[in-house]
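These notes are about the structure you will find just below.
We use all heavy atoms of the structure for the numbers below, so side chains are in, but hydrogens, waters and symmetry mates are not.
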Amino acid sequence: MSKPDELLVDVAALVESGRSNQMSLTVVAGGAVITGRLAPEAVWRQRVSDVLKDSDRLGEFSGVFDAPAKNEGPPSHLHFHVARILQGTVGIPETGGMYRVAIGDVSAWTMGDFSYSDH
């Protein structure tokens with residue numbers, strides 16, 4: 001893992017501070033392009049937990065995400081919600097998903113999110 005981009009860590013820290021959940025970001029990590037909006041880790045964990053609780057097969061996993069985050073030091077991960085992995089001319093999933101990306105794995109990034117249009 002490479003040394004995390006300090007500017008990206010600062011962006012993640014501002015999101016974690018709870019002052020904004022409107023930051024749209026696009027990153028390249030492991031060759032995948034992920035685009036969406038960042039959320040504080042606690043909010044992200046709660047949303048994932050809620051989705052799992054509603055599942056007959058996966059409900060038992062919801063407790064893992066209910067555990068409080070260990071916030072020691074600067075953020076090490078980005079927590080995307082309403083996010084898509086861009087593949088060709090589509091974003092997967094179309095409605096957006098929940099992704100956790102290690103900041104140290106990000107090889108490129110830009111502010112804002114991308115979407116495709118046929119127009």
Side-chain angles (χ1 to χ4, degrees):
M1 191 177 295
S2 64
K3 184 177 188 292
D5 181 318
E6 291 179 22
L7 185 56
L8 189 54
V9 171
D10 290 345
V11 168
L14 190 57
V15 171
E16 286 298 323
S17 75
R19 291 195 274 178
S20 175
N21 66 352
Q22 299 300 308
M23 174 54 69
S24 294
L25 192 72
T26 299
V27 300
V28 177
V33 178
I34 301 170
T35 189
R37 210 164 61 207
L38 295 177
E41 182 176 0
V43 171
W44 183 88
R45 283 174 170 261
Q46 185 60 53
R47 288 183 181 162
V48 172
S49 177
D50 291 346
V51 169
L52 292 172
K53 281 179 190 170
D54 292 339
S55 171
D56 292 336
R57 296 183 314 208
L58 302 174
E60 64 190 86
F61 290 97
S62 68
V64 172
F65 293 91
D66 281 337
K70 298 174 180 91
N71 294 329
E72 299 171 7
S76 60
H77 290 78
L78 301 169
H79 295 88
F80 285 91
H81 66 112
V82 194
R84 296 172 318 282
I85 296 174
L86 300 181
Q87 178 66 41
T89 59
V90 298
I92 305 166
E94 287 183 19
T95 57
M98 307 291 285
Y99 298 105
R100 176 177 159 112
V101 177
I103 293 173
D105 290 342
V106 173
S107 59
W109 62 278
T110 188
M111 306 304 288
D113 64 345
F114 290 106
S115 60
Y116 287 106
S117 173
D118 292 334
H119 300 67

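Cluster membership check: M98 does not share its hydrophobic cluster with I85, using side-chain heavy-atom separations under 4.5 Å among Ile, Leu, Val, Met, Phe, Trp and Tyr. Cluster membership check: V15 shares its hydrophobic cluster with V101, using side-chain heavy-atom separations under 4.5 Å among Ile, Leu, Val, Met, Phe, Trp and Tyr. The cluster map of Ile, Leu, Val, Met, Phe, Trp and Tyr, joined by side-chain heavy atoms under 4.5 Å apart, puts L8 and L38 in the same cluster. Under the 4.5 Å side-chain contact rule for hydrophobic residues, V9 and V27 share a cluster. M23 and V106 fall within a single hydrophobic cluster, where Ile, Leu, Val, Met, Phe, Trp and Tyr side chains are chained together by heavy-atom contacts under 4.5 Å.
Not a single donor-acceptor pair under 3.5 Å links the side chain of R84 to the backbone N or O of I34. Checking side-chain atoms of S49 against main-chain N and O of S62 turns up a donor-acceptor pair under 3.5 Å. Side chain of E16 to main chain of E41: a donor-acceptor pair is present (N/O by atom type, distance under 3.5 Å, no hydrogens or angles).
The two residues P93 and G97 have their closest heavy-atom pair at CG-N, 3.9 Å.
Among pairs with a residue in residues 83-112, none fulfils ring pair (Phe, Tyr, Trp, His ring centres under 6.0 Å), at least two apart in sequence or across chains. Sorted by first and then second residue, the pairs that involve residues 50-59 and meet side chain to side chain donor-acceptor pair (under 3.5 Å), not counting sequence neighbours, are Q46-D50. The stretch residues 55-78 participates, sequence neighbours left out, in no ring pair (Phe, Tyr, Trp, His ring centres under 6.0 Å) pair at all.
In the hydrophobic clustering (ILVMFWY side chains linked at under 4.5 Å, chained through shared members), V43 stands by itself.
Rounding to the nearest 0.5 Å gives a distance of 11.5 Å between CH2 of W44 and CG of L78.
For T26, the side chain to side chain donor-acceptor pair (under 3.5 Å) partners at least two apart in sequence or on another chain are T35. Residues meeting the side-chain contact (heavy atoms from CB on, under 4.5 Å) test with S76, sequence neighbours left out: none.
Residues D66 and R45 fail the side-chain proximity criterion, which asks for heavy atoms closer than 4.5 Å.
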